[in-house]
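First comes the structure, then the notes that go with it.
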Number of protein chains: 2
Amino acid sequence: MRILVVEDEEGLAESLRRGLSADGHLVDVAHDGHRGLDLALAGGPYDVVLLDLMLPGPGGHAICTRMRAHGDTTPVLMLTAKDGEHDEAEGLDAGADDYLTKPFSFVVLAARIRALARRAGASGRGTLQAGDLVLDPRGRRCRRGDRDIELTARELAVLACLMEQPGRAVAKQDILDEVWDTPQHIDPNIVEVYVSSLRKKIDAPFGRRSILTVHGTGYRMAPDGG
Amino acid sequence: MRILVVEDEEGLAESLRRGLSADGHLVDVAHDGHRGLDLALAGGPYDVVLLDLMLPGPGGHAICTRMRAHGDTTPVLMLTAKDGEHDEAEGLDAGADDYLTKPFSFVVLAARIRALARRAGASGRGTLQAGDLVLDPRGRRCRRGDRDIELTARELAVLACLMEQPGRAVAKQDILDEVWDTPQHIDPNIVEVYVSSLRKKIDAPFGRRSILTVHGTGYRMAPDGG
DNA sequence: CTTGGGCCGTGCGCATCCTCGTGGTCGAAG
DNA sequence: CTTCGACCACGAGGATGCGCACGGCCCAAG
């Protein structure tokens with residue numbers, strides 16, 4: 001997922017960036033309200049936006065209000081150091097979807113982010129993204145940049161399997177488990193064949209390389225799409 | 001793993017309990033919706049929850065919805081006797097992660113459970129850290145700061161062995177035992193070779209020194225990453 | 001029936017990785 | 001300081017795993 005973090009405390013911002021990156025997300029960080037507003041309005045699309053309430057320049061409240069005024073419905077998770085009801089009400093009024101008081105544990109944050117993404121996904125779920133490569137498994141569509149790409153059912157399933165966890169290696173056996181019904185009766189090399197076919201469709205014509213081989217393990221989707 | 005099974009057909013419930021236990025999991029079983037809901041909300045934490053859709057009392061749909069409303073993101077696998085699209089959409093809307101129609105083979109079920117647990121476990125657990133050095137053994141990823149580092153399978157295994165106990169010296173023989181299958185038939189110097197290779201990748205390019213030699217014993221990971 | 005597309009298995013050429021040997025360097029003990 | 005054992009760097013060879021083209025099979029549409 002693409003996540004925007006607007007947070008002026010550098011230590012916290014950095015640890016959020018690391019933690020979320022380690023979870024396989026693409027993270028942009030802004031250290032003040034001006035940059036945060038710019039990215040929120042034009043840097044996206046993001047799947048989730050984390051906003052600190054107190055910031056140099058426009059605060060989280062203002063950023064969220066502006067986003068909603070522009071018709072942007074990206075889920076917003078508000079972070080704040082205070083814990084009064086006053087703040088919570090304000091944040092939610094501004095159009096925030098959830099609210100977290102500092103200090104918080106990273107595990108809790110990750111859970112809230114998943115929950116937000118899940119709820120948002122209800123209306124337009126299932127689109128996977130890695131750089132300029134977009135996959136809509138339900139609608140059976142795949143695009144690189146502005147060009148549509150035709151995929152067969154198996155190709156699409158394998159690609160989805162990889163794009164569900166961009167940046168992480170997926171074992172060949174795991175792909176078999178997820179894509180084939182009777183994985184035990186099937187030659188694992190079949191995965192190589194489909195990866196080869198996918199590369200010919202989504203990489204070669206664009207001079208890219210988004211599906212990387214992890215020797216002895218399986219494959220990995222380049223988070224930036226190659 | 002801890003697994004919750006909510007299933008009212010006693011025969012099926014029992015065979016699931018036996019099969020999953022045989023796979024090494026800890027299994028709790030509920031035979032109706034009320035007990036299932038109680039366990040799901042308070043009996044955990046579970047790694048995976050299996051929900052039958054049709055139950056005495058609250059159905060799987062309701063249980064899943066309640067779990068999500070409580071912020072619980074435990075992976076849910078929905079079981080159902082029907083096979084209409086209607087059911088699938090309902091289950092996924094409720095926040096289920098996957099969906100299996102009866103009858104199903106146990107092998108398929110086990111594979112789906114593995115896939116769910118893997119996806120969930122991907123975020124957070126299992127990542128090792130020492131300063132700005134981060135290792136994700138499952139996803140086969142390694143980062144120093146904001147730069148990705150490519151490691152071979154052996155390199156990664158040796159590094160994981162050291163990072164599991166940052167600051168503590170690990171005997172060369174212990175590394176052999178953990179990383180190699182037949183440690184007795186192998187030249188112990190091989191460990192030195194891989195440490196050397198690791199230092200070239202994770203230390204030298206950054207001017208750091210995170211893998212320290214403990215003369216006469218083995219090696220030690222600098223807790224701060226060097 | 002014929003045709004075409006998707007799916008799966010096989011085999012060979014090739015890239016990568018693993019392992020070990022050699023010779024040089026470092027560090028601790030006396 | 002000297003000595004000896006432990007450690008390190010480097011490169012060659014074999015072993016392993018991968019990429020990809022090809023051909024047969026099956027099903028569905030015409």
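Residue numbering restarts at 1 for every chain, and letters A, B, ... go by the order of the sequence lines. Predicted model, so just to flag it, every value in this text is computed and none were measured.
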Show, in sequence, the C-alpha distance, side-chain angles and deciding distance for B/L151 and B/L198, and conclude whether the side-chain contact (heavy atoms from CB on, under 4.5 Å) test is met. CA-CA 8 Å; B/L151 297 180; B/L198 279 170; 4.0 Å; yes
Any side-chain heavy-atom pair from [X] and [Y] closer than 4.5 angstrom?
| X | Y | result |
| --- | --- | --- |
| B/P188 | B/L176 | yes |
| A/I113 | A/L50 | yes |
| B/Y46 | B/L26 | no |
| B/V6 | B/D52 | no |

request  = State whether B/E192 and B/K172 are salt-bridged, where the test is any N-O pair (Lys NZ or Arg NE/NH1/NH2 against Asp/Glu carboxylate O) under 4.0 Å.
outcome  =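 So B/E192 pairs with B/K172 through a salt bridge.
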| query | Less than 4.0 Å between a side-chain N and a carboxylate O, is that true for A/E178 and B/R112? | reply |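 Salt bridge between B/R112 and A/E178, a charged N being under 4.0 Å from a carboxylate O: no.
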**OP:** Taking salt bridge (Lys or Arg N to Asp or Glu O under 4.0 Å) as the test, write out the residues that go with B/D148, two or more places apart.
**Re:**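 With sequence neighbours excluded, B/D148 shows a salt bridge (Lys or Arg N to Asp or Glu O under 4.0 Å) to B/R143, given in chain and number order.
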Between A/E192 (CD) and C/dC7 (P), how many Å, whole number?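 Distance check: A/E192 CD to C/dC7 P gives 18 Å.
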Over how many whole Å does the gap from B/L156 atom CG to C/dT16 atom P extend?
->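 About 19 Å, once rounded to whole Å.
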Notebook entry, point to check: Does A/R154 count as lying over the ring of A/Y194, i.e. NZ or CZ under 6.0 Å from the six-ring centre, within 45 degrees of the axis?
Noted result: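 No cation-pi geometry.
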Check: Do A/V195 and A/V193 pass the side-chain contact (heavy atoms from CB on, under 4.5 Å) test, and can you show the C-alpha distance, the side-chain angles, and the key distance before you say yes or no?
Finding: CA-CA 5 Å; A/V195 168; A/V193 175; over 6 Å; no
Identify all side-chain donor-acceptor contacts of residues 206-222 of chain B below 3.5 Å with residues at least two apart in sequence or on another chain.
unit_1 : atom_1 : unit_2 : atom_2 : d
B/R208 : NE     : B/G226 : O      : 3.3
B/R208 : NH1    : B/D132 : OD2    : 3.3
B/R208 : NH2    : B/D132 : OD1    : 3.3
B/S210 : OG     : B/D203 : OD1    : 2.7
B/S210 : OG     : B/D203 : OD2    : 3.3
B/T213 : OG1    : B/R199 : NH2    : 3.4

DNA chain C contacts among residues 196-218 of chain A, heavy-atom distance under 4.0 Å: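 Per residue number, the list reads A/H215.
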Nearest 0.5 Å, what's the CG-CG distance between B/L79 and B/L16?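 So the CG of B/L79 and the CG of B/L16 are separated by 7.0 Å.
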Practice item. Return the angle between end axes of the helix from C/dT19-D/dA12 to C/dG30-D/dC1, with five pairs used per end and rounding to 10°. Key: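 End axes: 20° apart.
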Residue pair B/G60 / B/L51: nearest heavy atoms and the distance that separates them
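Heavy atoms only, the tightest pair is O-CD1, 3.4 Å.
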Along DNA chain D, 5' to 3', what are the outermost nucleotides having an atom less than 4.0 Å from a heavy atom of chain A?
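The contact span of chain A on DNA chain D goes from D/dG17 to D/dA21.
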For nucleotides 18-23 of chain C, tabulate all protein N/O to nucleotide N/O atom pairs closer than 3.5 Å, reporting atom names and distance.
unit_1 : atom_1 : unit_2 : atom_2 : d
C/dC18 : OP1    : B/R154 : N      : 3.1
C/dC18 : OP2    : B/T152 : OG1    : 2.8
C/dC18 : O5'    : B/Y194 : OH     : 3.2
C/dT19 : OP1    : B/R154 : NH2    : 3.3
C/dT19 : OP1    : B/W180 : NE1    : 3.2
C/dT19 : OP2    : B/R154 : NE     : 3.4
C/dT19 : OP2    : B/W180 : NE1    : 2.9
C/dC20 : OP2    : B/D187 : N      : 3.4

